[in-house]
Amino acid sequence: MPIRIYNTLSSQKESFVPLQADRVLMYICGITAYDFCHVGHARSAVVFDVIYRYLKYRGFDVVCVRNFTDVDDKIIKRAQEEGTESQTIAERYIEAFYEDMDKLDVIRPDYEPRATEFIPEMIALIEILIGKGYAYEVDGNVYFAVEKFSDYGKLSKRKLDDMIAGARVAVEVGKKNPMDFALWKASKPGEPAWPSPWGEGRPGWHIECSAMSTKYLGNTFDIHGGGKDLIFPHHENEIAQSEAAFGKIFARYWVHNGFVNINQEKMSKSLGNFFTIREVYERYQPEVLRLFLLTSHYRSPVDFSPESMAEAERGVERLYHTIEQVNEFAGDLSSSEQLPTSKDPEFNSLRDKINSVLTKFHDDMDDDFNTAAALGQLFDLSRALNRFQDSRSRKPTREEKKLLAQGMHRLRECANVLGLLQRSPEEFFRDQRQMLLAKLGIDEEEVEGLIAERVQARKVKDWARADEIRDKLAEMSIIVEDKPEGTRWRVKTASE
RNA sequence: GGCGGCAUGGCCAAGUGGCUAAGGCAACGGUCUGCAAAACCGUUAUUCCCCGGUUCGAAUCCGGGUGCCGCCUCCA
């Protein structure tokens, strides 16, 4: 069964057939580096990271390009505010972007070009457009004439007349049509500038993606991705530029992720209702954010809130607990052999689950990368593993250990496609504790001291004293857990 | 004004013509425990915003209504 992808261009799911049988060429619109990234940027990155991972997992040779916009009005503005160069600003936030994304386990694309590295290519492309009559120069600015491109509006499904009627922007002097957009901007004093046939200036925003995608992927490539807000004008303009210049289909499948909302409203810089990724990391582990982002389908809006993050946190904990338990029960056996049917119904039930879960996982992912459904399969398998262990009161046999190891292997294999569960449970829970201790400013030594004291009290069955200490710890947000192996403690999470 | 999307249990969220409407969180019951906590197991929607229609059959398709959101300006 082929992979099906919802294509914004056709407004429907289509069977995915790449240009070359085993190769997928994809281009993702990256960030404009002028500030720290927020959860919305994280969503886009994670969504396309999962698509990239899944296509590779299904055997495609994927070439992925994601750009950095490092010259732009907002970067210039920021640089002027700080009295520095726009390159300095871009550099700083690109570095911050990598920090945030590496923690989220977003795999770096094969190519990550920056706009300023492709000025000659952009100029060449603009010259082609002028040569073909699609663009014109006015006082050192070059504009794309949208009326000349008959397909203009095909991606965003709008007509030129409607757009002009509803336009909220003041008409810029010099433009032949208010919807014409800049390919090249004449620079004002103090702004970054490059020499060009039209004088000193800098590229417009849209042209960089046309130039860089062509450079790495050719005139026509398979998948073009980005946030829904890029559909118009950015992607519409990219299509106009590239198809006008080369007379070929630009991107074949247009994939757009939905927004991250806060209280039903789009998270955005202009509304000021955003959380940066690093703010989120102060309280939640990156993996929790990742799971949260994948619990909804990528095209739906997703509401960011403390409650939904707490849910995601519990979910990740649940999965790591399963892995921890299997490790304890079965050790680190790895076995790929097909296990025989047993007389034990519990054994067979888990065996069947392990065998069937992969197909279901694939079916879900094949259907327009339905990570929410795919995640359901992981939880299903997790529960099957727990149930099986729960049914064993004696020591597991070797066959049972093998079965559990296989189940855990499968769980991790699927989770890996989603970029989840790749750490050891110990590492996860340790990091969780460290993060919370730091966040709440709790002294670990003090906790350990009280715990030791309580262990003593329990030894002599001084329950009153033990409970007293437990209450005291609870006030410090520390929860005590008496396990058969000994007493453990953890920091209370926000959801408790 | 133009264009588009969404509405499923207490909450989040899959499912878009037909076996029992995934899964998560929460709640409750149980196992465990000195008591707890944690963990685990189990239970929890005869019903999918409302009204019509198509169909042997609809949460799923069509028409109308209500509510919410997004894009049309920089934006993942």
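Order of the sequence lines sets the chain letters (A, B, ...), proteins ahead of strands, with each chain counted from 1.
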* Asked: Closer than 4.0 Å, any side-chain N/O of N386(A) to the OP1 or OP2 of rC41(B)?
  -> yes
* Asked: By a strict heavy-atom criterion of less than 4.0 Å, which residues belonging to residues 3-11 of chain A are in contact with RNA chain B?
  -> none
* Which is true for K157(A) with a 4.0 Å heavy-atom rule: it touches a base, it touches only sugar-phosphate, or it touches nothing? -> sugar-phosphate
* Can you name the residues that form a side chain to side chain contact (heavy atoms under 4.5 Å, CB included) with E468(A), not counting sequence neighbours? -> R465(A)
* Structure fact -> Picking from rA26(B), rA76(B), rG34(B), the nucleotide nearest the side-chain atoms of W463(A) would be rG34(B)
* Asked: NA contact type, V260(A), heavy-atom cut-off 4.0 Å: base, sugar-phosphate, or nothing?
  -> base
* Less than 3.5 Å between a donor and an acceptor, one on the side chain of R458(A) and one on the base of rG34(B), is that the case here? -> yes
Which atom pairs link the protein and nucleotides 12-14 of chain B when you take only N or O atoms and keep those under 3.5 Å?
from, atom 1, to, atom 2, distance (Å)
rA14(B), OP1, H297(A), N, 2.6
rA14(B), O3', N370(A), ND2, 2.7

* **Phosphate OP1/OP2 of rA26(B) contacted by R314(A) side-chain N/O (<4.0 Å)** => yes
* Asked: Is there a donor and acceptor pair, one atom on the side chain of D482(A) and one on the base of rC35(B), closer than 3.5 Å?
  -> yes
* To do: Decide if the gap between the ring center of H224(A) and the ring center of F221(A) is smaller than 6.0 angstrom.
  => yes
* Which nucleotide, rA76(B), rC40(B), rC71(B), lies nearest any side-chain atom of T32(A)? -> rA76(B)
* Hey, does the side chain of R454(A) come within less than 4.0 Å of rA37(B)'s phosphate (OP1/OP2), counting only N and O? -> no
* Any R383(A) side-chain nitrogen or oxygen under 4.0 Å from OP1 or OP2 of rG23(B) -> yes
* Any donor-acceptor pair under 3.5 Å joining the side chain of R470(A) to the base of rA37(B)? -> no
